[in-house]
Novice: 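Quick one: structure below, then a few questions.
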Amino acid sequence: MLRLSNKAFKKGEIPVSAIIVDPVKNKIVSSAINQTKAKKNPILHAEIVAITKALKLSSSNRLDCFDIYVSLEPCPMCAAAISNVKLRTVYFCAEDKKSGGFINGPKLIYSKNIHYKPKFYYGFNENIFSDLMKKFFKKKRVN
């Protein structure tokens, strides 16, 4: 995941990456980085791109037997998408205190209006991914 986040950083994208895994087969189903700048589309977050790829491969509208690993806490849009496709478990590395949608911000995943609530765990290598985000935004302010 760090390799993917670094790839996004080098491309000038916010360094967020997502990987969808089939835990039974212990196999990566799809992976993605943010593509908001490259494709000039603000909704192409890494999670959305990875979900779209996985849905195409699975020929289904649900991903309920898969897990997603994300370098940064999913935003509200991505949290809703994760819920809608019914991903089994969400693992994210760093919190997004400003724009997060799971444990920060609107805490969408706790909303009574969200029908499917995946299990989630967070705080894996948080310092590494937080430092990469800080480095990205520091570089952006200098340019």
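The model shown is predicted, which means the values in this text are computed figures rather than measured ones.
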Novice: Determine whether a donor-acceptor pair (N or O, by modelled atom type, separation under 3.5 Å) exists between the side chain of Asp96 and the backbone of Lys98.
Specialist: yes
Novice: When you group the ILVMFWY residues by side-chain heavy-atom contacts below 4.5 Å and let the links chain together, are Val21 and Val16 in the same group?
Specialist: yes
Novice: Calculate, to the nearest 0.5 Å, the distance between atoms NZ and SG belonging to Lys86 and Cys65 respectively.
Specialist: 13.5 Å
Novice: Below 4.5 Å, heavy atoms only, C-beta onward: do Leu55 and Leu63 meet side chain to side chain?
Specialist: yes
Novice: Kindly assign one of parallel, tilted or perpendicular to the pair Phe136 and Phe9, based on the angle between their ring planes and the thresholds 30° and 60°.
Specialist: perpendicular
Novice: In terms of ring plane angle, is the pair Phe92 and Phe120 parallel, tilted or perpendicular, where the classes change at 30° and 60°?
Specialist: parallel
Novice: Between Ser5 and Ile33, is any pair of side-chain heavy atoms under 4.5 Å apart?
Specialist: no
Novice: For residues Val70 and Tyr91, determine if any side-chain heavy atom of one lies less than 4.5 Å from a side-chain heavy atom of the other.
Specialist: no
Novice: Checking the side chain of Glu47 only, and the main-chain atoms of Ala18 only, is there a donor and an acceptor separated by less than 3.5 Å?
Specialist: no
Novice: Tell me the closest heavy-atom pair linking Pro74 and Val90, and the distance in Å.
Specialist: CG-CG1, 4.4 Å
Novice: Report yes if the side chains of Asp67 and Tyr69 come closer than 4.5 Å at any heavy-atom pair, otherwise no.
Specialist: yes
Novice: Going by atom types alone, do Asn104 and Glu73 pair a side-chain donor with an acceptor below 3.5 Å?
Specialist: yes
Novice: Mind listing the closest non-hydrogen atom pair of Gly100 and Pro106 along with its distance?
Specialist: O-CD, 3.5 Å
Novice: Take atom CG in Leu2; do more than 12 heavy atoms of anything else shown fall under 6.0 Å from it?
Specialist: yes
Novice: Are any side-chain N or O atoms of Ser83 and backbone N or O atoms of Ala79, one a donor and one an acceptor, separated by less than 3.5 Å?
Specialist: no
Novice: Roughly how far apart are Leu44 CG and Lys37 NZ, rounded to 0.5 Å?
Specialist: 11.5 Å
Novice: Who are the salt bridge (Lys or Arg N to Asp or Glu O under 4.0 Å) partners of Glu95, not counting sequence neighbours?
Specialist: Lys97
Novice: Taking NZ in Lys117 as the centre, count heavy atoms belonging to other residues, nucleotides or ligands within less than 6.0 Å. Is the count above 12?
Specialist: yes
Novice: Verify, without hydrogens or angle tests, whether Ser30 (side chain) and Lys53 (backbone) share a donor-acceptor contact under 3.5 angstrom.
Specialist: no
Novice: Could you tell me if the side chain of His45 sits less than 4.5 Å from the side chain of Cys78, heavy atoms only?
Specialist: yes
Novice: Step by step, work out the side-chain contact (heavy atoms from CB on, under 4.5 Å) result for Ile43 and Met77.
Specialist: CA-CA 8 Å; Ile43 67 169; Met77 174 184 70; 3.7 Å; yes
Novice: Donor-acceptor check, side chain of Asn125 to backbone of Ile128, threshold 3.5 angstrom: yes or no?
Specialist: no
Novice: Membership question, hydrophobic clusters at under 4.5 Å side-chain separation (ILVMFWY): are Met1 and Leu132 in the same one?
Specialist: yes
Novice: Between Arg62 and Val85, is any pair of side-chain heavy atoms under 4.5 Å apart?
Specialist: no
Novice: Using the rule that two of Ile, Leu, Val, Met, Phe, Trp, Tyr join whenever any of their side-chain heavy atoms come within less than 4.5 Å, decide whether Leu108 and Tyr122 are in one cluster.
Specialist: no
Novice: Looking at CD of Glu126 and CG of Asp131, how far apart are the two atoms once the value is rounded to the nearest 0.5 Å?
Specialist: 10.0 Å
Novice: Do Ile20 and Leu87 touch side chain to side chain, with heavy atoms closer than 4.5 Å?
Specialist: yes
Novice: If I take atom CD1 from residue Ile14 and atom CE from residue Met133, how far apart are they, to the nearest 0.5 angstrom?
Specialist: 5.5 Å
Novice: Could you report the tightest heavy-atom contact between Pro15 and Ala8, atom names first, then the distance?
Specialist: CA-CB, 3.8 Å
Novice: Rounded to the nearest 0.5 Å, how far does CG of Asn6 lie from OG of Ser17?
Specialist: 9.0 Å
Novice: Measuring from Tyr116:OH to Ile114:CD1, what's the distance to the nearest 0.5 Å?
Specialist: 12.0 Å
Novice: Taking all heavy atoms of Ser71 and all of Cys93, pick out the closest pair and write down the distance.
Specialist: O-CB, 3.3 Å
Novice: Side-chain heavy atoms nearer than 4.5 Å, only ILVMFWY residues, links allowed to pass through others: does that put Phe66 and Ile48 together?
Specialist: no
Novice: Do Leu72 and Leu4 sit in the same hydrophobic cluster, where Ile, Leu, Val, Met, Phe, Trp and Tyr count as joined when their side-chain heavy atoms come under 4.5 Å apart?
Specialist: yes
Novice: Contact between Thr89 and Pro118 at the side-chain level, heavy atoms closer than 4.5 Å - yes or no?
Specialist: no
Novice: For Phe102, does the six-membered ring have the charged nitrogen or CZ of Lys107 within the cation-pi criterion, i.e. under 6.0 angstrom from the centroid and within 45° of the normal?
Specialist: no
Novice: Which atom pair, heavy atoms only, marks the closest approach of Arg88 to Pro23?
Specialist: NH2-CG, 3.4 Å
